[in-house]
S.K.: 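Handing you a structure now.
The structure presented is a predicted model; accordingly, all values stated were derived computationally and were not measured.
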Amino acid sequence: MSKIKQQHPKALYTLFTTEMWERFSYYGMRALLVLYLSAELVRGGFGLERKDALAIYAIFTGLVYLTPILGGWVADKFLGKRKTVYIGGLVMAMGQFMLALSAFGHKFGWDEHLRYTIFNLGLGILIIGNGFFKPNISTIVGDFYDDNDPRKDSAFNIFYMGINLGAILGPFIAGYLGEKVFWGWGYFSAGVGMILGVLWLYFHENTLEDKGLPPGVTGAKRLDGRDWMQIFVYALALAGGTILLIFGWNILPELATQWIMRIGFLALALGLGFVIIKGIDGDDWTKKFIPYGVVVLLFFIASWYLPEKYLLPFMAFVALLVLVTLVLLLLSPKADWSRMGVIITLAIFNITFWAGFEQAGGTMNLFAKNKTDRHLDPIWAPGFIKNVETKWWGILAGIFLLLWLIKTYVSIYSDSEDAKQRVRPLGKLGLAGVLLFGIFALWSALAPGMEIPASWFQNINPFAILIFAPIYSVMWLKLDAMKLNPRTTIKFVLGLLLGALAFYIMSMAANRADKVGVVSPLWLVMVYLILTLGELMLSPIGLSMITKLANPKMVSVVMGLWMASFAAGNYVAGMLESFMEFVHKSGWDIGLYPFIMVMMLVTAGLLLVLSPLLNRAMKGIH
């Protein structure tokens, strides 16, 4: 293999940086969302009750995982990935700036209803923009590598680091600005981050070569003026259409919106079932689709009209029916059907894990704010450190960071070996300066004592992923060489057990907080770390499983089904606290975190029991 072939294309680093800024924007906003909604009116928030703030969080994070199905389809059929990424980035920036405007409206003396309307419009625009951006930038990365290219896994590891770097910087910068300065500045910084991502992609677009262009277009390296006219028109149309849709939705009678949602979910369930059944059985699709359609229709009708007192028995009956259906699928002699049974089964267990994991941005975010001792005591520091304002140490660290970035930029994008040699000393000098003055800045900030922003706890997960993801990769390879690598189902069981352990610890932390008021931040640190270890057992393993088990003609549809399980998990996460009220009314005295712990333990045990059947149903795939 030649030297050039061994190196990654420049496009990888262009897409890495673009994705980093997008994740900065998203996670910065996500870290503030529940805190902003539940903050008192006098502090510029909306003063919502916990369950109402969490319900909005549930709807937002759930839809964020569904709209990429639409964005991927639009890119493949009409616009191409590159234009769709630009459109999504610009639309998301508009959404972030609208969230900022909803906060600044408090300073302008605007009516609370107007501010809340602007906020909801901003969230809607963000959801649509994410759907256009998210699925397409990662697939452009894949376009640069053949399936058997040994660099491909390394490329996605690098790209994944960009995601987590953005996930660290977002809560750190936007979270701090939102909590400590003003909510509007947090959202504004998230919008600026998204604009920086779009600009970076624009100025380095030629590195993408001919990848991600509209269908039928070949050879070009950059989009032309006509393409950019389309991008701006589509971005404005998407934002405007979302605003009109939300306004139209709000003026409809509640009964009408309920029926639209019911029919929409029914159509989605029937449509997805049709695509899967037709894809596997071909012309014989009616034999399975008709009974499937009848059962789905009866389920929706019963769920709409059943009295509340019969709801729990009905849910138990539906769970039993789903279990019997899955067992029949897993026992099917046809490989495509048995493997589809495995995918659907693991998708259901995936929902359980993410319903717990996504408490991070909801109830655990509020726990960090209200029940965690975030005050750090003053520490000793030499006079030359504590007598200089933290911002000056930060500025010096920033200057040296700029030197390191210049060296890195030239090393990646310059074709001149002389230029690379000249800037090499800047890299060492810059890195040394960043470490030295960064430590001084941190020491100066901690010396008088400080209060940790609640949103900063959101950084633990991406930090842990950066540390443990490479360790997991090596661990799986070592175990495989020793013929001890667990099957996919066992990895899922381990992930759920780690989740149960995390919520056992979280339950103890909540009980202690109820007694003493606030608890050590180490409780949350431990919970986030264990949840991350569980995430690494499920998330990358699940994506790999889909590519192995799905019929090649249906990989995109099945991946959409898998993403829908994340959407459902995120939605359930936000709605669990409201659901607990129903549980308590039914006579069960159990807290949220113990409930999640039990839920994960039960599902882990059930999956362990089913694992031999699931392994056989994979028909030779591990």
Side-chain angles (χ1 to χ4, degrees), residues 23-40 42-48 50 53-54 57 96 99-100 102-104 106-107 164-193 358-379 389-391 393-394 397-398 438-439 441-464 506 509 513 517-529 531-532:
R23 292 290 88 183
F24 168 92
S25 176
Y26 174 78
Y27 280 103
M29 179 280 303
R30 175 181 172 270
L32 291 173
L33 184 57
V34 173
L35 301 178
Y36 173 52
L37 287 169
S38 59
E40 299 89 345
V42 293
R43 294 185 56 237
F46 291 109
L48 296 187
R50 278 176 60 103
L54 292 169
Y57 175 84
Q96 296 284 19
L99 295 185
S102 75
F104 285 125
H106 173 74
K107 290 187 175 293
N164 285 287
L165 184 58
I168 291 169
L169 293 174
F172 188 73
I173 296 174
Y176 179 84
L177 290 173
E179 284 193 75
K180 298 299 182 183
V181 182
F182 185 65
W183 303 110
W185 290 116
Y187 290 123
F188 184 81
S189 68
V192 170
E358 279 299 324
Q359 298 301 318
T363 60
M364 287 162 62
N365 207 4
L366 292 171
F367 187 89
K369 177 188 175 185
N370 301 320
K371 298 293 184 72
T372 301
D373 183 5
R374 296 180 285 115
H375 296 276
L376 298 179
D377 293 330
I379 62 172
E389 286 188 62
T390 302
K391 67 178 181 181
W393 292 124
I439 290 171
L442 181 61
W443 202 346
S444 173
L446 294 177
M450 67 175 293
E451 183 182 61
I452 306 170
S455 55
W456 280 12
F457 286 90
Q458 304 293 302
N459 287 325
I460 299 169
N461 171 252
F463 262 121
M506 194 67 215
V518 293
V519 296
S520 166
L522 292 178
W523 287 96
L524 276 180
V525 171
M526 190 182 302
V527 169
Y528 279 122
L529 282 175
L531 280 176
T532 302

S.K.: Distance from Met364 atom CE to Glu358 atom CD, nearest 0.5 Å?
M.R.: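 Reported to 0.5 Å precision, the distance equals 10.0 Å.
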S.K.: Could you tell me whether a side-chain N or O of Trp183 sits under 3.5 Å from a main-chain N or O of Arg43, the two making a donor and an acceptor?
M.R.: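 The answer is yes, because a donor-acceptor pair under 3.5 Å joins these two groups.
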S.K.: For the residue pair Pro171 and Trp456, what are the closest heavy atoms and their distance?
M.R.: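 Smallest heavy-atom distance, with atoms named: O-CD1, 3.4 Å.
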S.K.: To the nearest 0.5 Å, how far apart are OG in Ser444 and NZ in Lys391?
M.R.: 11.5 Å
S.K.: If you look at every heavy atom in Ala368 and Leu524, which pair is closest and at what distance?
M.R.: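 So the two residues come closest at CB-CD1, 3.6 Å.
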S.K.: So, applying side-chain contact (heavy atoms from CB on, under 4.5 Å) with Ile452, which one of Leu376, Thr372, Asp373 is it?
M.R.: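 Exactly one pass, corresponding to Leu376.
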S.K.: Can you find a heavy atom in the side chain of Thr363 that is under 4.5 Å from one in the side chain of Arg50?
M.R.: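 The answer is yes, as the side chains (C-beta and beyond) meet within the 4.5 Å cut-off.
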S.K.: Specify the closest pair of heavy atoms between Val519 and Ala509, including all atoms of both residues, with the distance to one decimal.
M.R.: CG1-O, 3.7 Å
S.K.: Is it true that atom OH of Tyr176 has more than 12 heavy atoms of other residues, nucleotides or ligands lying nearer than 6.0 Å?
M.R.: no
S.K.: Of the non-hydrogen atoms in Ala441 and Thr390, which two are nearest, and what is the gap between them?
M.R.: O-CG2, 3.4 Å
S.K.: Specify the closest pair of heavy atoms between Gly186 and Leu32, including all atoms of both residues, with the distance to one decimal.
M.R.: CA-CD1, 3.9 Å
S.K.: Would you call Asn461 and Leu531 a side-chain contact if the rule is heavy atoms closer than 4.5 Å?
M.R.: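 In short, these two side chains do not touch, never coming nearer than 4.5 Å.
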S.K.: Counting only heavy atoms not in Met450, do more than 12 sit closer than 6.0 Å to its CE atom?
M.R.: yes
S.K.: Given side chains that start at C-beta, do those of Gln359 and Phe367 come closer than 4.5 Å, heavy atoms only?
M.R.: no
S.K.: Can you tell if the side chain of Asn459 reaches within under 4.5 Å of the side chain of Tyr27, non-hydrogen atoms only?
M.R.: no
S.K.: What I want to find out is whether Glu179 reaches Lys369 closely enough, with some N-O distance under 4.0 Å, to be called a salt bridge.
M.R.: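 Answer for the salt bridge query: no.
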S.K.: Measure the CG-OG distance between Leu33 and Ser38 for me, rounded to the nearest 0.5 Å.
M.R.: 9.5 Å
S.K.: Where is the tightest heavy-atom contact between Ala31 and Ser455, given as atom of each residue plus distance?
M.R.: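 That closest heavy-atom pairing would be CB-CB, 3.8 Å.
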S.K.: CZ/Phe463 to CZ/Phe172 distance, rounded to the nearest 0.5 angstrom?
M.R.: 8.0 Å
S.K.: State, yes or no, whether a side-chain contact exists between Phe24 and Ile173 at a heavy-atom distance under 4.5 Å.
M.R.: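 Counting from C-beta outward, Phe24 and Ile173 do come under 4.5 Å.
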S.K.: Does the side chain of Ser102 reach to within under 4.5 Å of the side chain of Tyr36, using non-hydrogen atoms?
M.R.: yes
S.K.: Quick one: pull up CD in Gln458 and OH in Tyr528 and give me the separation to the nearest 0.5 Å.
M.R.: 4.5 Å
S.K.: Take atom CZ in Phe182; do more than 12 heavy atoms of anything else shown fall under 6.0 Å from it?
M.R.: yes
S.K.: Please report the interatomic distance CG(Leu366) to OH(Tyr57), rounded to the nearest 0.5 Å.
M.R.: 10.5 Å
